[in-house]
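Letters A, B, ... mirror the listed sequences (proteins, then strands); counts begin at 1. Values reported hereafter were calculated over all heavy atoms of this structure, with side chains retained and with hydrogens, waters and symmetry mates removed. Keep in mind that this is a model prediction, so the values were computed, not measured.
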2 protein chains.
Amino acid sequence: MARDGFELENFLPYRLNRAAEFVALRFAAQYKARYQLTRPEWRTLAALGSSGRSMTATEIGAHSTMHKTKVSRAVFSLEQRRWLKREEDGRDRRFEHLALTPAGEQAYKELTELASRYQAELLSMLGTEDMSALSTGLRAIERAMRKSAPEA
Amino acid sequence: MARDGFELENFLPYRLNRAAEFVALRFAAQYKARYQLTRPEWRTLAALGSSGRSMTATEIGAHSTMHKTKVSRAVFSLEQRRWLKREEDGRDRRFEHLALTPAGEQAYKELTELASRYQAELLSMLGTEDMSALSTGLRAIERAMRKSAPEA
DNA sequence: AATCAATAGTTACGATTGTAACCAATATAA
DNA sequence: TTATATTGGTTACAATCGTAACTATTGATT
């Protein structure tokens, strides 16, 4: 096929991107259909819900590698939906402490079940062995990210 | 940390996306700086260059999982740059056969070297073992994609 | 204090994207 | 034939995104 040493099919950024998109899109289809959630919204909800405490917008961004503005917009729309409320920090009024409302908690719980089911589905698609190989590989990248992290 | 079974940190779509973004961004920084190429442009160039033959826009899209319109725009700008030329199909004039010009080939070759260096850098960041685990895992996803492929 | 720098978050704006509608050419079928 | 459907590719338009500029607040420096 190719005439030289380089093979696009073996190029890691290419492969990772393709795989990530495939896996993400199938899940996004679910929460979009059932909850009319966008990706940044789901990510924000997940960050808050899974941490189990209130967080600032900046924390959410760092945690989920989303841009400030994305977080800001997602927070706004989750607030509109009454899934999230802001509380100002008494000591430093620049901060906003964001927390899920009971409705938000409930939504998170339901989405969490969707997510767990999806994860299980993926596991059965890949098989235990390949899944754990993937996990090992991803862990290595996560390690590398922490080291050389200029952060997106 | 979390109060329930679900852990965002272990959720595959989340982890894959994070990793893919990290890996892609560091490479994109290189070709953007050196060649003022956008991501869809690089992907189109790579698809054409690595196949070593002329392709139609649809083929490029299928190969690199890019939307029609993205391909269309990338093709247009590569054409402006004289890195790519179109040839119409005599039998079926709907098709456009896209091929790299000598200048395009040259650019592809240079970018290919960048890419190979980057791949090597990644390998040394992850180590041989983790890299091959990652590759195994990705291969499993690629397999799954081929099966259930509704294609993005 | 008064000034300057830094930080949290929002927003205006330009760029990039995808959906849907479109044009052109070919294939199918009446 | 002449409809009708399909397919390759482009484009108008609306939505989404990120950069950069902004507001507000706090911290540091004088």
Side-chain angles (χ1 to χ4, degrees), chain A residues 17-18 20-22 24-26 28-29 31-33 36-44 47-48 54-80 84-99 150-152, chain B residues 17-18 20-22 24-26 28-29 31-33 36-44 47-48 54-80 84-99 150-152:
Chain A
N17 189 68
R18 223 154 146 18
E21 223 163 71
F22 173 72
L25 247 61
R26 307 181 95 227
Y31 60 69
K32 259 179 205 160
Q36 282 82 50
L37 271 182
T38 67
R39 211 133 90 84
E41 283 160 20
W42 150 246
R43 292 238 230 155
T44 299
L48 277 171
S54 76
M55 299 170 83
T56 67
T58 304
E59 279 178 311
I60 294 175
H63 183 82
S64 54
T65 46
M66 284 196 294
H67 192 181
K68 276 187 348 159
T69 62
K70 246 187 201 169
V71 176
S72 173
R73 285 156 184 154
V75 164
F76 177 77
S77 59
L78 289 177
E79 189 185 26
Q80 296 300 88
L84 168 159
K85 63 183 186 324
R86 309 175 193 239
E87 243 166 278
E88 75 168 21
D89 185 318
R91 301 160 207 201
D92 187 336
R93 280 168 31 236
R94 286 172 301 184
F95 291 94
E96 293 184 338
H97 296 285
L98 307 166
E151 258 342 291
Chain B
N17 190 67
R18 224 156 143 25
E21 222 163 70
F22 173 73
L25 247 61
R26 308 181 94 229
Y31 60 68
K32 258 179 205 159
Q36 282 82 50
L37 269 183
T38 68
R39 211 134 91 83
E41 283 160 20
W42 150 245
R43 292 238 231 152
T44 299
L48 277 171
S54 76
M55 298 170 85
T56 68
T58 304
E59 279 179 312
I60 293 174
H63 183 82
S64 54
T65 47
M66 283 195 295
H67 189 102
K68 271 169 49 129
T69 61
K70 243 186 201 172
V71 176
S72 174
R73 285 154 183 154
V75 164
F76 177 77
S77 60
L78 289 176
E79 189 185 27
Q80 296 300 89
L84 169 159
K85 63 184 184 326
R86 308 174 194 239
E87 242 167 278
E88 75 167 20
D89 186 317
R91 302 161 208 202
D92 188 334
R93 280 167 31 236
R94 286 173 301 185
F95 290 94
E96 292 184 339
H97 296 285
L98 307 167
E151 255 345 291

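D92(B) is linked by a salt bridge (Lys or Arg N to Asp or Glu O under 4.0 Å) to R94(B), counting only residues two or more places apart in sequence or in another chain. Not counting sequence neighbours, the partners of E79(B) by the salt bridge (Lys or Arg N to Asp or Glu O under 4.0 Å) test are R86(B). Partners of F95(B) according to the ring-ring contact (aromatic ring centres under 6.0 Å, His included) rule, which considers only residues two or more places apart in sequence or in another chain, do not exist here. In this structure, the side chain to side chain contact (heavy atoms under 4.5 Å, CB included) partners of S77(A), at least two apart in sequence or on a different chain, are E41(A). Residues meeting the side chain to side chain contact (heavy atoms under 4.5 Å, CB included) test with T69(A), sequence neighbours left out: H67(A), R73(A). Listed by chain and residue number, H97(B), A99(B) satisfy the side chain to side chain contact (heavy atoms under 4.5 Å, CB included) test with S54(B) (two or more places apart in sequence, or in another chain). A search for side chain to side chain contact (heavy atoms under 4.5 Å, CB included) contacts involving A24(A) returns R39(A), not counting sequence neighbours.
Pairs of residues two or more places apart, or lying in two chains, that qualify as salt bridge (Lys or Arg N to Asp or Glu O under 4.0 Å) and include a residue from residues 57-66 of chain A are R53(A)-E59(A).
For the OP1/OP2 pair of dG8(D) and a distance below 4.0 Å, the side-chain nitrogens and oxygens of T56(B) include no atom meeting the criterion. The phosphate of dT7(D) has neither OP1 nor OP2 within less than 4.0 Å of any side-chain N or O from T58(B).
Boundaries of the chain B contact region on DNA chain C are dT17(C) to dT26(C), first to last in 5' to 3' order (nucleotide atom under 4.0 Å from a heavy atom).
At least one donor-acceptor pair closer than 3.5 Å links the side chain of S64(A) to the backbone N or O of I60(A).
Between the C1' atom of dT25(D) and the CD atom of E96(A) lies a distance of 12 Å, rounded to the nearest Å. Rounded to whole Å, the distance from CZ on F76(A) to P on dT16(D) is 14 Å. Distance K32(A) NZ to dA15(D) P: 15 Å, rounded to the nearest Å.
Contacts between residues 85-92 of chain A and DNA chain D, counted as heavy-atom distances below 4.0 Å, involve R91(A), D92(A).
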Strictly under 3.5 Å: I want the nitrogen or oxygen pairs between protein and nucleotides 18-21 of chain D, one per line.
unit_1: dG18(D); atom_1: N7; unit_2: R73(A); atom_2: NH1; d: 3.4
unit_1: dG18(D); atom_1: O6; unit_2: R73(A); atom_2: NH2; d: 2.7

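Between R43(B) and T65(B) there is a side-chain heavy-atom pair separated by less than 4.5 Å.
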Requested in this report: Give the C-alpha distance, both sets of side-chain angles, the deciding distance and a yes or no for side chain to side chain contact (heavy atoms under 4.5 Å, CB included) between L37(A) and L78(A).
Outcome: CA-CA 9 Å; L37(A) 271 182; L78(A) 289 177; 4.2 Å; yes
